[in-house]
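Below, chain A is the first sequence line, B the second, and so on; all start at residue 1.
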Amino acid sequence: MTRRSVLFAAMLASACGDNVPVEPIVEAMSGSRIKVEWHLFEDGTRQAEKAVFYDITVHARCTPQRWADDVIRCVPIAEDAVFIDETCENLVGRSRSIEKPTHFIGYDHVDGATLPGRLYRAGLATTPVAEFYVERGEECVGPFPSPSDLTYYALVDQIAGSSLVEIRDDEIGEGRVGLQVRTTTEGLRIPLGLHDRDLDTACTPTPRSDGSVHCAPTEVATATLFHDPICEAPVITIPAAAEVPKLAKVADPAGCARYHEVGSERTGTLYRRSGAACIRTTTIPLGRAFALGAETELPILGRTLEELPARRLQRILLHAGELSFIDDRLYDSATRADCARRSLGEVVRCLPATVASASVLFTRSCAIEVLVAELPQQTCERIAFATSATEDGTTIHAIGDRPIEPLFQLTGGGCQPYPGAPGTELRSLGPPIAPEAFSSAVTYGER
Amino acid sequence: MRSRCALLVIVVAACGQQPTTLNIERAIPDYAPLAGGATIRIAGTGFHDDEAGANRVLIASREAPLSRTIDDTTLEVVVPPGDEPGDAEVVVLNRHGNARATGILHYSTLPTIESVTPADVVFTSKSTLMTLTGRGLLEEGAGQVDVSVDGQLVTDVMVTSDTSLTFLAPAGMPLVRPDIQVVNSRGSALRQRAFRYTPSVRPGLLLFTVFGPEFAIFYDPTDHSTISIPRADSAWRFNAVVRDEVGDYWGADPDRGGFGPIDMRTQQLASASPQQPRVPAITRIGSDYFALNRNTQRFGKLDPISASFTPIGATIPCCGGYGLSFDGTTLYFAARSAWTQTIRTIDPTTGIQGLPVSVVAPQGFHIEDMRFFQGTLYVANRSGTLVTLDPITGVVTQLPVSPGRFNAMEVFD
């Protein structure tokens with residue numbers, strides 16, 4: 001199988017017996033041993049977890065890690081095993097956060113790097129130790145003090161590292177956009193992300209204001225300054241020692257990002273926009289500035305919704321050439337916007353993918369707090385919600401209209417009218433929306 | 001049994017043929033804040049079953065940012081902002097069609113403040129229980145109520161009903177009329193000049209100084225006590241002060257801003273006047289302001305907006321010891337000339353002056369300002385004492401108080 005060989009997933013069983021051709025969709029798929037973990041939403045929609053799997057042979061959740069033999073394997077999630085004698089012959093497992101540990105990992109030093117090299121099954125809890133030793137090559141080094149508030153476990157069995165399943169990262173598809181997939185020889189497959197081969201950069205599906213989706217580079221510098229006094233020639237600025245990025249983005253009048261190659265270096269005065277004005281700014285003393293080169297056309301992705309009427313959440317199918325795959329985002333028909341899986345408190349929910357950050361201003365004299373969101377006057381995507389970090393966690397609020405009364409901020413000079421950032425407008429926020437308003441998910445997997 | 005089964009089959013078959021009806025019955029609760037963002041439930045039918053699909057909800061023509069289908073009879077909706085209080089039409093759209101309803105949901109009115117009692121609070125008191133009367137203080141999801149007095153958050157608010165709450169007034173600056181703001185989940189309300197911080201529970205005289213460290217003192221003629229009104233960080237010095245028809249004090253400081261209403265928070269003129277006449281004595285009769293102009297040595301009318309001075313009648317004696325006060329029927333002015341302090345009447349319409357009455361006082365007696373208070377004319381004089389003066393006989397009676405030299409005097413009640 002070649003590196004770019006196309007892997008086809010299960011066919012969507014939605015043709016209902018007619019002769020409508022069904023597009024093959026690359027989906028997450030468990031192997032015979034390494035199983036996919038799923039996030040199952042209330043309405044039955046599910047999404048694959050990309051980072052954590054379950055090894056039914058070892059009976060442990062595992063993550064891809066480089067093993068001491070330089071092979072990426074699905075290594076059980078476990079805490080460390082340490083030696084307790086100066087000859088490095090006897091081991092215990094130390095548990096900091098895992099309540100019922102099943103495995104412990106011993107780490108080896110390989111070419112200056114610390115890598116997992118030994119896997120042990122956990123036994124019963126044992127006597128705490130005050131100090132421990134580690135192997136460094138042929139040496140047994142220590143003792144080092146060991147915290148007394150940890151729980152220590154006897155180790156009953158060693159599992160050969162070579163028995164852990166090897167994981168490979170591949171890229172499939174023949175067009176400009178490749179789909180990166182994580183696979184194992186025993187059949188696991190997880191789509192990871194997208195790769196723009198023309199720009200040789202990772203990219204992510206990004207909705208545009210016209211409803212289309214392009215694959216936007218994930219590593220890109222943002223131009224916020226200008227090298228002309230009328231603020232029409234944007235530049236990016238980077239620290240002097242930083243590597244010059246290949247791509248830069250700048251917001252167009254509609255608030256959407258446009259992507260450019262990075263052009264020639266610029267010296268001299270830089271300018272920034274302040275409302276409608278273009279004003280001088282101090283050049284970053286140790287930084288470098290680069291003009292923007294030619295605009296880069298990004299690959300356009302096709303986007304369709306699964307449209308299962310009984311479901312609130314709809315999976316988003318993306319298409320790039322002959323490839324069809326599932327977006328990380330879901331479409332939430334309750335908010336009529338994309339949502340993304342995030343933790344809200346202890347629960348994973350599908351929260352609006354694009355949210356503003358709430359900030360606190362005040363009524364006159366700064367006596368009473370007012371929660372607001374400061375939005376760009378032009379946004380590429382509709383922003384309907386804002387999040388606020390409180391002592392009790394994150395809350396979500398609907399974004400309303402502009403505040404009726406002027407608002408104030410506390411500064412070194414006291415309570416001053418809040419002027420607002422250039423190009424933005426303040427919006428009032430509603431009360432916190434109950435988290436249950438957003439679909440929750442539980443995690444499950446084959447065992 | 002066979003006939004019952006047949007009937008059931010017929011009923012089921014008939015139901016299966018009828019299209020699902022989308023219907024809105026009520027909103028729970030039936031109110032929402034005008035700012036939106038609150039979550040309500042809409043009860044009805046046809047929201048989920050028979051492939052109803054996603055429900056879109058419009059409230060008062062704006063689409064709800066979130067409409068969550070609980071089941072076929074219940075939607076949970078985050079209400080969008082409204083444009084005005086009152087009934088809001090609710091529209092639900094899904095694959096079954098659309099349904100609309102009025103009279104089931106309204107945007108709540110914003111809170112209001114209609115009155116605050118008592119009207120006066122002694123500025124040093126922290127135990128005065130205030131009663132605020134208004135609307136929208138408790139019901140329809142008003143939630144927590146924050147009350148601020150001139151920007152100072154009040155911590156002991158007790159909401160007693162939708163139309164009333166109480167709080168303890170914080171201490172404030174004397175003579176200030178603070179604003180009260182109420183903020184709750186329904187919105188906010190502001191009442192400017194909600195009450196007045198007073199120097200005392202009794203009426204008396206306010207004495208303003210040009211030279212002293214304090215801004216003013218309050219003199220209580222009942223017991224001859226005085227209360228200091230500390231000076232804010234202000235360089236303003238008022239050489240004449242007069243009270244307007246609503247009880248606010250206007251001052252003259254020709255070196256800094258002329259004549260205008262005094263902002264008692266800053267103890268400066270709230271706004272400088274276009275003209276800055278030198279008027280060492282001002283008084284008010286009804287809505288008319290009268291003054292003595294030192295530069296022109298004329299009596300005349302003072303326009304409170306422009307501070308322009310319009311002379312009336314002949315000149316007045318040169319060159320100091322000026323005072324001007326109205327006892328309710330007669331206007332008196334005082335002047336000092338040729339080492340003699342006199343007082344006389346003056347007709348505010350014609351400027352015709354009465355015969356001067358020499359003030360019977362020690363040599364050097366020099367009036368700074370004077371005011372009638374409860375029928376008695378009180379005089380602040382340059383020697384720093386306070387006296388009463390009989391404007392008919394010129395007899396001066398020393399009062400048992402020596403507040404110091406004060407240049408302006410006005411009644412407080």
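Among A:R311, A:E307, A:R364, the residue making the largest number of heavy-atom pairs under 4.5 Å with chain B is A:R364. Per-residue heavy-atom pair counts under 4.5 Å with chain A were compared for B:G187, B:G141, B:P65, and the maximum is reached by B:P65. Your options are B:S67, B:A64, B:S148, B:G53, and the one with the most heavy-atom pairs under 4.5 Å with chain A is B:S67. By number of non-hydrogen pairs under 4.5 angstrom with chain A, the leading residue of B:G143, B:S188, B:A54, B:P81 is B:P81. For the options B:D49, B:L66, B:L153, B:N94, heavy-atom pairs under 4.5 Å to chain A are most numerous at B:L66.
Interface remark: B:P80 contributes no atoms to any contact with chain A (heavy atom separation under 4.5 Å). If you measure heavy-atom distances from A:F438 to chain B, the contacts under 4.5 Å come from the side chain alone. Contacts of B:E76 with chain A are made by side-chain atoms alone, with heavy-atom separations under 4.5 Å and no backbone atom involved. For a residue to count as touching a neighbouring chain, one of its non-hydrogen atoms must lie under 4.5 Å from one of that chain's; by this rule B:A52 does not touch chain A. Looking at A:R312, only its side chain comes within 4.5 Å of chain B, counting heavy atoms on both sides. If you measure heavy-atom distances from A:E42 to chain B, the contacts under 4.5 Å come from the side chain alone. Neither the backbone nor the side chain of A:Q314 comes within contact range of chain B; no heavy atom of the residue lies under 4.5 Å from a heavy atom of that chain.
Counting non-hydrogen atoms of other residues, nucleotides and ligands closer than 6.0 Å to CZ of B:R191 gives a total above 12. Residue A:Q377 qualifies as enclosed at atom CD: its count of foreign heavy atoms under 6.0 Å is above 12. Within a 6.0 Å sphere centred on CD1 of A:I404, other residues, nucleotides and ligands contribute 12 heavy atoms or fewer. Residue B:R135 places its CZ atom among 12 or fewer non-hydrogen atoms of other residues, nucleotides or ligands, all under 6.0 Å distant.
Between B:T39 and A:E436 the shortest side-chain heavy-atom distance does not fall below 4.5 Å. Taking 4.5 Å as the limit, some side-chain heavy atom of B:E63 sits within range of a side-chain heavy atom of A:R336.
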Q: Could you go through the side-chain contact (heavy atoms from CB on, under 4.5 Å) check for A:E405 and B:V183 one step at a time?
A: CA-CA 12 Å; A:E405 298 168 354; B:V183 178; over 6 Å; no

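Here the CG-OG1 distance, from B:D179 to A:T363, works out to 11.0 Å after rounding to the nearest 0.5 Å. Here CZ of B:R68 is found 11.5 Å from CD1 of A:I433. Values are rounded to the nearest 0.5 Å.
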